[in-house]
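Beneath this line is the structure, given in structure tokens, with notes to follow.
By convention in this document, chain letters (A, B, ...) are assigned in the order of the sequence lines, proteins followed by strands, and residues within each chain are numbered from 1. Since we're looking at a predicted model, the values are computed, not measured.
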Amino acid sequence: MGGKVIAKDSLGEFVSKLSERYRIFGPRKKGTEWIFDEVRSAEEMDLRYSTTILPPRKFFIPTSERIFSFKMDGGVEEPEERDGPSLIFGIHSCDLNALLLLDMVFLEGEFPSPSYARRRERTALVALTCIDPSENCFCESMGTGPSPAGGYDVLLTDLGREYLAESGSRRGEEMLALAKGRAVTAADLEGKAKAIECAKSKFKKKVDLKGIDELFLRNLDNPVWKRLGEKDLACGICVNSCPTCFCFDVRDQLDFPMVGGVRYKEWDACVLLEFSQVALGGNFRRDRAARIRQFIGHNLGWGGASQFREFKGRAKCVGCGRCIRYCPAGIDLTEVVKELRGI
Amino acid sequence: MRLENPYLAEECAVKRVKRQTPDVYTYTISYPRGSNRLRMPFRPGQFIMVSIPGIGEAPFSFSAWDDGKGIFDTTIRTVGNVTSALMKRGEGQRVWVRGPYGRGWPMEEAKGKDVLIVAGGIGMAPLRPVIELVAKNRRSYGGLEILYGARTPNDLLFADEFESWKGIPDADLLLTVDSVPKGIEWDHGVGVVTTLFDRMRTEPNDSIVMTCGPEIMMKFVVKGLLAMGFQPKDLYLSLERRMKCGIAQCGHCQIGPKFVCRDGPVFPYSELRGLPDLLV
Ligand SMILES: Cc1cc2nc3c(=O)[nH]c(=O)nc-3n(C[C@H](O)[C@H](O)[C@H](O)COP(=O)(O)OP(=O)(O)OC[C@H]3O[C@@H](n4cnc5c(N)ncnc54)[C@H](O)[C@@H]3O)c2cc1C
Ligand code: SF4
Ligand code: SF4
Ligand code: FES
């Protein structure tokens, strides 16, 4: 696939051209943090962001979403999707790889989700090589960063005064045709490799993935779970901030005056008590210890390749560090792995 | 390509409601004429998602199935929102049904082998089609032995079919209850279902065990049978978990890497051993 080198001065023009075709969502500063939000120009974005509060999963799986509406006297109506093409600008490697895991759940199974498929299809992805990982990041050890191997339409890498822009799809080629820039030279590719090396030297956390499924399954009774259960607040922040958590609840709501209603899905979290409750008060994860073990075990142990065969060699966790950054109880899953390994 | 919304269900009619016990009813449901589900293959042990718009959706097993006619039974204990609404609305109501989903009982693996069924309470519901299938294809299977336990004699499901089960060639039915209320005649066992192991004739060799009931019951069933020499790969359990989708997306039913809805609800014990959040 082709590429171009775009001067930073020309990025604004490129974004403005793209905005004629796409609604653009990019990283925007909010207080001391960043969020993915609709933007109209390059100036509104901060491409030196570290991580956003919520991952871009919200664009593909909204917090709450109508499955269909119904009338009590018969008739079901599926939600109409009117949204046109959109574009996520500056998605980091971890969050991009997270979408590939969500694809396993919502596209690759026996019953693909039409709404997810539509949103994936209509959303272009301009990825960004991460050059400044935060103190909580560990994508390198998860094999998901700092620069993505694929899954993007365009990949940008900051070369100092210019961006190296590589296309990864036909849509990406078409997008790059809108950009002013010069041809890519061997020196630019070397520059990219250097930027990646430099980013790698900054990681402070890592997870050793060797035999990690068995590590978790062998340690179901490890005292670490009880201790974490006592610390854990079961607030669900980890799950809500996780780019690969896919769990949801399904509920019905009746309209007033009860002539119809909606069946909708809503984000849910395994760390919450009701999540595993069954009839007559049964609950297979009543203790917080079991619930935090599910969150960490699913992310690093038995999720990913053990659950979705095609997801070769990958864990569910992409190492974005959000659950560490936002956990009010200071729970750090990379430390838990060390403890399980007896390090 | 346009994908079909997998949550869309088919509107079906509840033809008949039959009381089994004070809180368990069998609902005979038929798919509408022309439904493309009429020809769908059905395997005992699979489940469907049944819903009432405005109230909610829940998973239930088939307790009988009429091949090709699109009529099936599901036997349901009244415990909450959906199940209470089903009971109150009775015959003639319309319900939404989607499925069947999941992996059922190992009817192929069991061919040529003895079949031992161990059921507790409502757990008999998904095993009833197994008994019917074995009866119908009697020569494909070896001996059939059914161990069934319930809280009291009044809580036994399908009691009016016990005689015909006993009439199946080379079949036995052993019953037990936890307790017998005053005034009820009872000439079978008293005690948990595992107390029937002393009297059963099925041997560990060349046999398949299928069990369903409260997980704590299955724990003792598995323990007892392993001690008698049965192999983990020959013990099949049907598990209950909270299920919101039935199609491996909502995440509620996960046990380690398994989705109970996708990989189960029936599992050989050999696949479950060592997984988290299990009582067995
Ligand atoms: C594969 C499978 C097969 C099954 N087959 C059968 C069968 O053949 N027969 C049978 O009787 N049962 C069967 N069950 C069990 C059956 O699905 C449950 O009893 C049923 O879901 C209860 O539904 P309900 O709406 O009546 O109860 P609910 O109203 O859902 O109540 C059930 C429990 O869920 C909890 N709950 C529900 N909603 C919420 C919420 N929003 N927040 C917090 N907690 C909540 C509550 O603790 C409540 O006690 C099966 C289950 C599975 C998984
Ligand atoms: S588990 Fe934590 S670090 Fe891993 S992807 Fe989820 S939020 Fe990021
Ligand atoms: S970690 Fe918990 S909330 Fe996240 S996908 Fe796994 S089970 Fe669902
Ligand atoms: S019921 Fe939703 S994942 Fe199994």
Side-chain angles (χ1 to χ4, degrees), chain A residues 67-68 70-72 74 76 78-79 105-107 109-118 213 216-218 220 245-255 258 260-261 263 265 268-270 274-280 282-285 290 293-294 297-298 301-308, chain B residues 1-11 23 49 51-59 76-83 94 96 98 101 122 214-216 239-263 273-279:
Chain A
I67 302 172
F68 53 72
F70 54 82
K71 291 267 177 286
M72 293 311 256
V76 168
E78 288 184 73
V105 182
F106 294 107
L107 294 181
E110 202 183 336
F111 304 94
S113 157
S115 59
Y116 180 86
R118 219 157 37 222
D213 309 31
F216 274 86
L217 291 174
R218 259 194 343 243
L220 296 175
C245 272
F246 52 80
C247 289
F248 59 84
D249 196 9
V250 177
R251 291 167 192 239
D252 282 12
Q253 191 167 36
L254 285 177
D255 294 342
M258 309 229 284
R263 179 160 296 167
K265 49 190 260 193
D268 206 347
C270 61
E274 301 80 14
F275 187 86
S276 307
Q277 205 152 302
V278 294
L280 306 172
N283 194 326
F284 297 94
R285 285 193 279 266
R293 186 180 66 191
Q294 169 63 13
H298 191 210
W302 52 75
S306 322
Q307 198 162 37
F308 305 97
Chain B
M1 189 185 68
R2 207 185 127 72
L3 293 170
E4 203 197 327
N5 184 337
Y7 294 92
L8 292 179
E10 216 154 358
E11 192 175 283
D23 62 351
M49 298 294 288
S51 67
I52 302 178
I55 296 187
E57 198 173 37
I76 297 177
R77 184 164 168 205
T78 309
V79 295
N81 294 331
V82 175
T83 51
R94 324 281 300 168
W96 289 355
R98 58 185 177 93
Y101 299 123
I122 187 78
E215 209 158 297
I216 192 76
L239 297 183
E240 179 184 357
R241 284 296 180 276
R242 192 179 176 111
M243 288 188 179
K244 288 295 187 168
C245 71
I247 54 174
Q249 292 178 354
C250 79
H252 279 87
C253 69
Q254 293 176 87
I255 300 178
K258 309 277 186 203
F259 288 102
V260 175
C261 64
R262 178 191 73 180
D263 307 316
R273 222 173 8 176
L275 295 184
D277 312 318
L278 278 166
L279 298 178

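Going from atom CZ of A:Phe246 over to atom SG of B:Cys250 covers 9.0 Å, rounded to the nearest 0.5 Å. Between B:Ile52 atom CD1 and A:Met72 atom CE the span is 9.5 Å, to the nearest 0.5 Å. How far CG of B:Leu278 is from CZ of A:Phe284: 8.5 Å, rounded to the nearest 0.5 Å.
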Q.
Evaluate B:His252 against A:Phe275 for side-chain contact (heavy atoms from CB on, under 4.5 Å), listing each step before the verdict.
A. CA-CA 7 Å; B:His252 279 87; A:Phe275 187 86; 3.4 Å; yes
Q: Take A:Glu110 and B:Ile247 through the test side-chain contact (heavy atoms from CB on, under 4.5 Å) and record every step on the way to the result.
A: CA-CA 8 Å; A:Glu110 202 183 336; B:Ile247 54 174; over 6 Å; no
(Q) Test ring-ring contact (aromatic ring centres under 6.0 Å, His included) on A:Trp302 and B:Phe259; report intermediate values, then the result. (A) CA-CA 12 Å; A:Trp302 52 75; B:Phe259 288 102; over 10 Å; no
Q: Determine, stepwise, if the pair A:Cys247 / B:Gln254 fulfils side-chain contact (heavy atoms from CB on, under 4.5 Å).
A: CA-CA 10 Å; A:Cys247 289; B:Gln254 293 176 87; 3.8 Å; yes
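Only the side chain of B:Arg262 comes within contact range of chain A, with heavy atoms under 4.5 Å apart. With a 4.5 angstrom heavy-atom cutoff, A:Leu220 touches chain B only via side-chain atoms. Contact of A:Val76 with chain B is made through the side chain alone, with heavy-atom distances under 4.5 Å. Contacts of A:Arg293 with chain B are made by side-chain atoms alone, with heavy-atom separations under 4.5 Å and no backbone atom involved. Heavy atoms closer than 4.5 Å to chain B are found in the side chain of A:Phe68, but not in its backbone. If you measure heavy-atom distances from B:Glu240 to chain A, the contacts under 4.5 Å come from both the backbone and the side chain. Proximity to chain B (any heavy atom under 4.5 Å) is restricted, for A:Leu254, to the side chain, taken from C-beta onward. In this structure, chain B has heavy atoms under 4.5 Å from both the backbone and the side chain of A:Gln277.
B:Glu57 places none of its side-chain heavy atoms less than 4.5 Å from the side chain of A:Asp252. Side-chain contact between B:Leu3 and A:Arg118 is absent, with no heavy atoms from C-beta onward closer than 4.5 Å. Residues B:Glu4 and A:Pro114 form no side-chain contact, since every pair of their non-hydrogen atoms from C-beta on lies 4.5 Å or further apart. Under the 4.5 Å side-chain criterion, counting only non-hydrogen atoms from C-beta, B:Lys258 is not in contact with A:Gln307.
Contacts with chain A were tallied for B:Met243, B:Glu11, B:Glu215; B:Glu215 has the most, counting heavy-atom pairs under 4.5 Å. The greatest number of non-hydrogen atom pairs below 4.5 Å with chain A, out of B:Pro214, B:Ala248, B:Ser51, is found for B:Ser51. Of the listed residues A:Gly260, A:Pro112, A:Ser113, the one with more heavy-atom pairs under 4.5 angstrom with chain B than any other is A:Pro112. For the options B:Leu279, B:Asp277, B:Val79, heavy-atom pairs under 4.5 Å to chain A are most numerous at B:Asp277.
Shown here are the ring-ring contact (aromatic ring centres under 6.0 Å, His included) partners of A:Phe106, two or more places apart in sequence or in another chain: A:Tyr116.
At least one donor-acceptor pair under 3.5 Å links the side chain of B:Gln249 to the backbone N or O of A:Phe111. The backbone N or O of A:Glu274 lies less than 3.5 Å from a partner atom in the side chain of B:Arg242, making a donor-acceptor pair.
Residues A:Ser306 and B:Pro257 come closest through the heavy atom pair O-CB, 3.6 Å. The shortest non-hydrogen separation linking B:Cys245 to A:Phe248 is CB-CZ, 4.4 Å.
Taking the ring centre of B:Tyr7 as origin, the terminal cationic atom of A:Arg263 falls outside the region bounded by 6.0 Å and 45° from the ring axis.
Among pairs with a residue in residues 244-253 of chain B, those fulfilling salt bridge (charged side-chain N to carboxylate O under 4.0 Å, His left out) read A:Asp249-B:Lys244, at least two apart in sequence or across chains.
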